[in-house]
Amino acid sequence: MRIGALAAQLAALAILPIVVVGVINRVKSRWAGRKGPPILQLAFDLRRLLRKRAVYSATTTGVFQLAPWLALAAALTAALIVPIVVAPVLAFRLDFVAFAYAWGLGRVALMLGALDTGSAFEGMGASREATFGALLEPALFLVAVALCADTGAGSLAGGLALRPHDPASIALWVASIAALLIVVTVECARMPVDDPTTHLELTMIHEVMILDHSGPDLAVLEYTAGLKLVTGLALVANLTNPVPSAAGELAGAAGVVGMIVALAIVVGCVESLTARLKLRVVPQYIAIALGAGVIALLATAWRLGAGT
Amino acid sequence: MTGILLAIPVLLAGVVLAIALPHRHARVAAALISQGVAIVLVLLEVVPVLAGGADLHATWPWSFPIEDIRFHVDALGAFFLAWSLPMTLVGSIYAIGYLKPYVAAGRNAGPHFALLNLVSLSFVVVYSVQNALVFLLGWEIAAVSAWLLVIWDYRSQKIRFAGFNYLVSTHVGLFVLVSAFMLMHGKSDSMDFGAWVGFLHKPSGLRSMVFALLAVAFALKSAYFPFHTWLPRAHAAAPAHVSALMSGVIHKAGLFGLLRFTLLMGKPEEWMGWAVLAMGAASALFGALSTASQRDLKRLLGYSSTENVGIAAIGFGVGYLGLTWNAPALVLAGFGGGLFHLLNHALFKCLLFYAAGAVYRVTHTVDLERLGGLWRVMPATGAMFLLGGLAISALPPFNGFLSEFLIYGGLVGGGAPTIMGDVALAAMAAVLAFVGATSALAITRAFGVAFLGVARDPKIHATEPVPRTLLATMVVHAAAIVVVGLVPLVGLALVQAPVALFTGPDAPPLARSLDAVLDLVRVLAALLAVLGVLGWWIGRRARRHVTWGCGFAAPSPRMQYTASSFAAQFNRIFEAVMPVKRRETLPRAVFPTQPGQLSTSHVDAVERRMFEVLGQNEQMAVAVSKRVPEQPRIAFAIGLVVLVGIVVAVVGGLP
C-alpha cells in the first residue's frame, strides 16, 4: 500500500507540474487572443534543455552547479507531505513545520546559486526572495496551526480536510483559503507578486535568480517551479475539494486534481487580468496573508472556546 | 565524585605550568594535556549519570561563614559538564593555530592558555557545587577569565573598551545575583542550595522577587534582550575561539543557573512561564532582526547568540507552563527542545565562529562589505560555514531543525488549559517561524556575500592557506552537526537524563517525538545526496564563460549586490526597531566635481535608545508621539487588532 501510494504520488508529481503550467499558459494565450502552445509544451522544453550542455559562469563555484538540484530535492520532499492523489506518504504530527522548512531550504539553495554569479540582477532577486520569504513564513504557520487545531488533526493533510459548517468555521475556511492563495502567489512567484513572463529584469524575483542557469540545470529549475506551484495549489485544492470524503478515495483524488486544474485556470485569468504590484507594496500584500492567518487562528479559538 | 574534584587540581596545575614553564611549546602542551586529563576524569564520572546512574555527592567540611561545601552532580550538571569541557579543549586547539602570528611576533601565549584552563575550571565548579559562595566564586572566575581572554589584543583602545563594557555588564549581573542569594540566605540562614528548597517551594511575594532577580542575572550572563548590549562589542573584539567559547559554551552557564533554580523551585507560577516565554521571544526576534543588518561577520554571529538562547528560552517557557499546568507533554517538549537546542547551538555556533576566525586569519577583515569570492581561496572553510549556517537557520536535515521541531511540538500541541493560552502559544510558533526565516536570510546574506561571487576589495590579498589546526577543529564540529542531524539519538542520549529531572522518570523518551519527522529528514537527506551527485555528474560536461547577467559581459566586482543592499528592503521594513546610522556626502550639481560617498551601519537599538534617553530626556517622547499620526494606517491596524482581540475575549469567553 505504502509503495503503491508512493508510486501514485510520484506519478502525479511528475505529470501535474507540466499540465498545470500548460493550462496556465493556455488560459493566458486565450485571454490574449492567441491559440497558445500545446498543454504539454513544458515537457518538450524540458526534454530539449536536458539534451543541452550547461554553461557556467567562470565566477561560479560548485554551489551554483548544485543549487537547482538541491532545490528540487527540497521541493520533492515537501510535495510528499501534501495529499494530491493519495493520502500523503509522509504525514505526521506537525508535518507543516517540516513542509515550511523544506521550502525554506529550497529557497536558500536558489538564493545562494543566484549570489554565486556575482551579478547585480541576481543578487537583487535573491534579496527580494529572502525578504518576502521571511515575511511570509508566519502566515503559513498561523493558518496551519489554526486548521490543525480546529480539525483536531496533527498533520497538514488532516487540517486541510476542514469543511465549513458553522459561522466560525466559515470564517476560518475563508481566511485560510485567502492566506494560502497569497502564500502560493508569493512562494511560487506568480502574479500579482511576480510576473513569470516579464522582460524587465529589474522587476523580477524568481526569474531573475535563475538568469544564469542553462541546460539541464534550467530544466530542473523550471520543473521545480512547476512542482512548487502544484504543491501550493494542492493545499488550496484540498481545502476546497467539492467531493465529499464519503465518496471514496478515487473520487476524492479526482476532485483534488480537478480543483488543481481549476485553480490553474484561475491563476491564468489573474495573470491575464491584473497588473503586477509595485515591489514596495508586496510586503503589504503579504500582511494581508498575516492578517488572514490571525483571523483564522482567532476563529478557531472562538469555535473551540464556545465548544467547551 | 572524586574524579570531578580531582579535575580541579589538575586544571590548576595546568594553569601554573602554562605560565611558569620556560619553553613556549611546553606551556601550551601543559595546558592542553591538563585539560585532556580533566576531561577524561570528568567524563568517566559523568557518563554513568547521564546513562541513568545515581547522582554524585561529596561534602567538604568548612568553617563559618562558608559552611560545608557540598558537591552534587545530577543529570543537569552532568549534561553541561559532558560537552562544555571537550568543547573548551577543541577551542584551545583552535587557539594554537589562530594565535600563531602573534606568537611568531613575540607574544607569550602561555597566560592565554592558562585562562582557557581557568574557564574549564569554572565549569567544573559552577556545574557541580551546591554552596552559593563557591558557586559565585566559579561564576566570577568564568567572568574575569572571559574578560581577559577578550582583550587579548589589548593594544587597541576599541578592544579594551569592548572588554570593559563586558566586565561592567557581567558585574551588574553579579550584583543582582548576589542580592538574590542574600534574600534566600536571609530566609534559610544557609548558603547551601539544598536548604533553600523549603523557601523556594512556597509561592510568595519574596519568591517572585527572587525569581525576577535571578532571571535578570542569568539573562545578563546569557545576553538576553534587552541585556545584550555588551555582546556584539565583545564578540567582535575577541579572538575567534574566545568568541566561539563565550557564545557557545561559557554563557550557557546563565541558562544552567535558570534551570538549576527551576529544579529547586519545583512548581513555578504561571506568570513566570509567560515571562520566560516573552523574554525568549523578544530575544529571538531582536537577535534575528539584528543578524539581518550587521556588516561585521562576528558581530552578526554574536547577535545570532541572542537569537538562539531566545529560542531555547521559548522552549523553557513552554516547559515552565507545562509544570504549572501539570501538562507532561509540554514539559517534555519544552525542556527537551530547549536543552537539545542549547547543545546544538554550541555545536554550530562554535563552527561558525571558527570559520569566521579562519576568514579573519586569511583576509585580516570580517567586514562583509569588503569580502567576496572567498570560496575559491578557502573552499573547505566555506563548506563548513555553509553547513553551520544551514544548521543554525534550523533547516533540515541538520540538527537545529530537530531541536526547533521539538519546541514547535510544545507550542502548537494544544496543551494549554485555556483557549487563550493555546492561542498565545500558537502565536509564539508564528514568531518562531519568522525568526527561522529571518535567520535563513541573514545566513544566506553572510555566506553568499563573503564566500560567493568575486572579491570586492582589491586591497585584500587572500593567499595564505587556512592553518590545519583551524580546519581540524572545524571538521570536528561539522561532523557532530551532521551526525546529530541524521542520528539524533546521539544528541538525545545526552538530553534525556536532564529532561527526566523535570518530567519525572515515567515520561516517554524524547526520541519518540522525533520518530516521524526523522523519516522525512532521512528522505530529504537521501534526495539531497542523490540529486546532488546527479547534478554534479551532469554538470561535468559544462562549458565556462563569463556571467551572462542579461548580456552585460563586462561585470565589475563593484557591481555585485553587497551585504547592505541585500538586506536593504528587509531592514527598511523594520527601521523603527533597527536604527541605521547613515553618513553621506552626495555628489552636488549637474556635473559633480567631488566624488560622493555613502556609508551605513546598524547600531544596537537598545544601546542607542539608552544613550538617547540619557541625552535627550523628554524630547524623545515628543519625537515618538510626533511619529504616530504620520502613519495613520499603522495606528488603524493596531487599533483593529486590539478591537478584534477584545471582541474575541468577550464573546469567546461567554458560555
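When reading the values below, keep in mind they use all heavy atoms of this one structure, side chains included, and skip hydrogens, waters and symmetry mates.
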Would A/Leu112 and B/Leu386 satisfy side chain to side chain contact (heavy atoms under 4.5 Å, CB included), going step by step from the backbone distance to the final call? CA-CA 10 Å; A/Leu112 290 179; B/Leu386 179 59; 3.6 Å; yes
Test side chain to side chain contact (heavy atoms under 4.5 Å, CB included) on B/Trp375 and A/Asp116; report intermediate values, then the result. CA-CA 10 Å; B/Trp375 185 283; A/Asp116 203 6; over 6 Å; no
Does the side chain to side chain contact (heavy atoms under 4.5 Å, CB included) test come out yes or no for A/Leu70 and B/Leu531, once each step is laid out? CA-CA 7 Å; A/Leu70 302 187; B/Leu531 288 173; 5.8 Å; no
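Within a 6.0 Å sphere centred on CZ of A/Arg47, other residues, nucleotides and ligands contribute 12 heavy atoms or fewer. Atom CZ of B/Arg558 is surrounded by 12 or fewer heavy atoms from other residues, nucleotides or ligands within 6.0 Å.
A/Thr60 and B/Arg376 make their closest contact through O-NH2, 2.7 Å (heavy atoms, listed as atom of the first residue, atom of the second, distance). A pairwise comparison of heavy atoms in A/Lys52 and B/Arg541 identifies O-NH2, 3.6 Å as the closest pair. A/Pro216 and B/Ile538 get closest at one heavy-atom pair: CG-CG2, 3.6 Å. Taking both residues in full, the closest heavy atoms of B/Leu524 and A/Leu105 are given as CD2-CD2, 4.0 Å, listed atom of the first, atom of the second, then distance. Of all non-hydrogen atoms in B/Ala440 and A/Val108, the two that sit nearest each other are CB-CG2, 4.0 Å. B/Ala426 approaches A/Leu297 most closely through the heavy-atom pair CB-CD1, 3.9 Å.
Between B/Phe405 and A/Tyr101, the ring centre distance reaches or exceeds 6.0 Å.
Counting heavy-atom pairs under 4.5 Å between each of B/Asp519, B/Asp422, B/Leu534 and chain A puts B/Leu534 at the top. In terms of heavy-atom pairs under 4.5 Å with chain A, the best-connected choice from B/Gly409, B/Ser439, B/Gly532 is B/Gly409. Taking A/Met124, A/Met111, A/Arg280 one by one and counting their heavy-atom pairs under 4.5 Å with chain B, the maximum is reached by A/Met124. Listed options B/Thr438, B/Val454, B/Val517 were ranked by heavy-atom pairs under 4.5 angstrom with chain A; first place goes to B/Val517.
The contact between B/Ser393 and chain A is made entirely by backbone atoms, counting heavy-atom distances below 4.5 Å. Residue A/Leu290 does not touch chain B at all, counting heavy-atom pairs closer than 4.5 Å. Using a 4.5 Å cut-off between heavy atoms, B/Phe574 touches chain A through its side chain atoms alone. Heavy-atom distances place the side chain of A/Phe121, and not its backbone, under 4.5 Å from chain B. Within the 4.5 angstrom heavy-atom criterion, atoms from both the backbone and the side chain of B/Ala394 approach chain A. Interface residue B/Phe434: backbone and side-chain heavy atoms are both found under 4.5 Å from chain A. Residue contact with chain A, scored on non-hydrogen atoms closer than 4.5 Å, involves the backbone of B/Ser565 exclusively. If you measure heavy-atom distances from A/Ser214 to chain B, you find no contacts under 4.5 Å at all. Only the side chain of B/Leu390 comes within contact range of chain A, judged by heavy atoms closer than 4.5 Å. At a 4.5 Å heavy-atom cutoff, the contact between B/Leu520 and chain A is made by backbone and side-chain atoms alike. Only the side chain of A/Val145 comes within contact range of chain B, with heavy atoms under 4.5 Å apart. Contacts between B/Arg456 and chain A at a heavy-atom distance below 4.5 Å are absent for every atom of the residue. For B/Trp536, the parts lying near chain A are the backbone and the side chain together; criterion is any non-hydrogen pair under 4.5 Å. Heavy atoms closer than 4.5 Å to chain A are found in the backbone of B/Leu432, but not in its side chain.
Interface with chain B: from residues 92-100 of chain A, residues A/Phe92, A/Arg93, A/Leu94, A/Phe96, A/Val97, A/Ala98 qualify, criterion being any non-hydrogen pair under 4.5 Å. For a heavy-atom cut-off of 4.5 Å, chain B lies close to A/Ala126, A/Ser127, A/Arg128, A/Ala130, A/Thr131, A/Phe132, A/Gly133, A/Ala134, A/Leu135, A/Glu137, A/Pro138 in residues 125-139 of chain A.
Note that CG of B/Leu528 and OG1 of A/Thr77 are 6.5 Å apart. Values are rounded to the nearest 0.5 Å. Taking CZ of A/Arg107 as the reference point, atom CG of B/Leu395 lies at 9.0 Å (rounded to 0.5 Å). The CG atom of A/Leu115 lies 11.0 Å from the CZ atom of B/Arg445; values are rounded to the nearest 0.5 Å. Note: A/Thr61 OG1 to B/Leu374 CG = 11.5 Å, rounded to the nearest 0.5 Å. Note that CD1 of A/Ile286 and CD1 of B/Ile573 are 7.5 Å apart. Values are rounded to the nearest 0.5 Å.
B/Arg544 places no side-chain N or O within 3.5 Å of a backbone atom of A/Val55 that could act as its donor or acceptor partner.
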